[in-house]
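In what follows, a structure is listed as structure tokens, so that the remarks can point back to it.
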2 protein chains.
Amino acid sequence: MADTDIFDLQAFLPYLLNQAAEASSLDFQSVYKSRYGMLRNEWRVLFHLGMYGRLSASEIRDRSGLHKTKISRAVQRLAERRFLTRDRDIKDRRTEHLELTAQGQAAYRDLRKIAREYDAALAEMLGDEDVAALRRMLQRLAQRVS
Amino acid sequence: MADTDIFDLQAFLPYLLNQAAEASSLDFQSVYKSRYGMLRNEWRVLFHLGMYGRLSASEIRDRSGLHKTKISRAVQRLAERRFLTRDRDIKDRRTEHLELTAQGQAAYRDLRKIAREYDAALAEMLGDEDVAALRRMLQRLAQRVS
DNA sequence: GCAGATTCGTTGCTTGTGTAATAGTTGGTT
DNA sequence: AACCAACTATTACACAAGCAACGAATCTGC
């Protein structure tokens, strides 16, 4: 009786997570894209540097889980646009230390402000729901499933 | 005092949603990819046809929110691999009706079974948390944010 | 101090995605 | 009937992503 055996795709967690992630990503993307011509990986890198200060590419990788090629290309573009500086380590010349310029910090602060507001708007959209529980569950799901 | 003004990226909903979605997507992707060589958009189309039966491309678009080019390409590949048949409408020859072949239905049922198990595993991973609330909130977030 | 393994980061290549342009079809208006 | 707007689906192009290979630098064990 497989044919009458219904399946609710709209309740399937991986599908649902994707839909929700895509919707909110697109919204927030329009902000950093229109204001600073940034791509998704670029604002992620920017935020990591904004939050933690001077970091190397692999430190960003460890903290963000972002793939090294994404980081490499994001850093390249951010450096071209003078959002960050690259400073090669003298002791280990494979490593480069990355740091936001004044312009990068300004962009970070601006975007951070908008991010907070947007996050608050999402939370408000969820009304009475337990947003803290949502974050907790998402964090749980995010840290490696299988 | 902007520098000491912390921001928790790990709690920012769009970021968190992406992390969780990516993690669970990658897990589930390995299933349909290894078993049927399918891509993400292909299993989505497959599932829609499996659940609702005969549909046109634009009906799938309306139900799934998937972009028409993604659907067009997914349908092409699914047809090549004999997972579905394309049947042009006689009254309106712009439209094609899509329907799963026996092979397509078998794949659908197989993947549906795995999807259920995987969803259950995710829910179990969340332990005491209110998974119903999670789904409710995600659905809320998914249906257009701004 | 040398060989091989490891790590940092970049690049090439192939594949996927989004936008916009397109071909083909239909329906409505005059 | 001719025209035009709307719609279905595909395709072309430019851009982004992922994988694997790579060069350079460093570390490890002998």
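In what follows, every chain begins at residue 1, and chains take the letters A, B, ... in the order their sequences are listed.
- Note that B/R116 lies outside the cation-pi zone of A/F7, set by a 6.0 Å cut-off to the ring centre and a 45° limit from the axis.
- For the pair B/E96 CD and C/dG24 P, the computed distance is 15 Å after rounding to whole Å.
- Among the protein residues, A/R86 comes within range of the sugar-phosphate backbone only, with heavy atoms under 4.0 Å from sugar or phosphate atoms but none that close to a base.
- Rounded to whole angstrom, the span from the CG atom of B/L66 across to the P atom of D/dT10 amounts to 14 Å.
- In this structure, the CD1 atom of A/I60 is 12 Å from the C1' atom of C/dG9, given to the nearest Å.
- Distance, A/R61 CZ to C/dT6 C1': 12 Å, rounded to whole Å.
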Are any protein N/O atoms closer than 3.5 Å to N/O atoms in nucleotides 18-21 of chain C? If there are, list each pair with its distance.
residue : atom : partner : partner atom : Å
C/dG18  : OP2  : B/K70   : NZ           : 3.3
C/dG18  : O6   : B/R73   : NH1          : 3.3
C/dG18  : O6   : B/R73   : NH2          : 3.1

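- No donor-acceptor pair closer than 3.5 Å links the side chain of A/E22 to the backbone N or O of A/Q19.
- Residues A/L46 and A/L39 fall into different hydrophobic clusters, defined by Ile, Leu, Val, Met, Phe, Trp and Tyr side chains chained together at heavy-atom separations under 4.5 Å.
- A side-chain donor-acceptor contact under 3.5 Å links B/E59 to the backbone of B/S56.
- In this structure, B/I60 is a member of the same hydrophobic cluster as B/F47, with clusters built from ILVMFWY side-chain heavy atoms closer than 4.5 Å.
- Between B/V75 and A/R77, the one whose closest nucleotide on DNA chain D sits nearer the 5' end is B/V75.
- Taking only side-chain nitrogens and oxygens, B/S58 comes nearer than 4.0 Å to OP1 or OP2 of D/dA9.
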Kindly give the atom pairs (protein nitrogen or oxygen, nucleotide nitrogen or oxygen) under 3.5 Å for nucleotides 25-27 of chain C.
residue : atom : partner : partner atom : Å
C/dT25  : OP1  : B/R93   : NH2          : 3.2
C/dT25  : O2   : B/R94   : NH1          : 3.1
C/dT26  : OP1  : B/K91   : O            : 3.3
C/dT26  : OP1  : B/R93   : N            : 3.1

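- Near-neighbour residues of DNA chain D inside residues 36-45 of chain B, defined by a heavy atom below 4.0 Å, are absent.
- Every residue meeting the side chain to side chain contact (heavy atoms under 4.5 Å, CB included) condition with B/E117, not counting sequence neighbours, appears here in chain and number order: B/K113.
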Please output the side-chain donor-acceptor pairs of residues 79-86 of chain B that fall under 3.5 Å, not counting sequence neighbours, one pair per line with the distance.
residue : atom : partner : partner atom : Å
B/R81   : NH1  : B/G37   : O            : 3.3
B/R82   : NH1  : B/A79   : O            : 3.3
B/T85   : OG1  : B/E99   : O            : 3.4
B/R86   : NE   : B/E96   : OE1          : 3.0
B/R86   : NH2  : B/E96   : OE1          : 3.2

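- Under the 30°/60° scheme for interplanar angles, the aromatic rings of B/W43 and B/Y32 are found to be tilted.
- The shortest distance between the side-chain N/O atoms of A/Q76 and the OP1/OP2 oxygens of C/dG9 is not below 4.0 Å.
- Summarising the geometry, atom CG belonging to A/L122 is positioned 8.0 Å from atom CG belonging to B/L17; distances are rounded to the nearest 0.5 Å.
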| field | CA sep, side-chain torsions, deciding dist, call: A/D119, A/R112, salt bridge (charged side-chain N to carboxylate O under 4.0 Å, His left out) | value | CA-CA 10 Å; A/D119 197 76; A/R112 182 181 62 187; over 6 Å; no
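- Within 4.0 Å of B/R88, counting heavy atoms only, lies no atom of the nucleic acid at all.
- Whole-Å rounding puts the A/D62 CG to C/dC8 C1' distance at 12 Å.
- Every residue meeting the salt bridge (charged side-chain N to carboxylate O under 4.0 Å, His left out) condition with A/R94, not counting sequence neighbours, appears here in chain and number order: A/D92.
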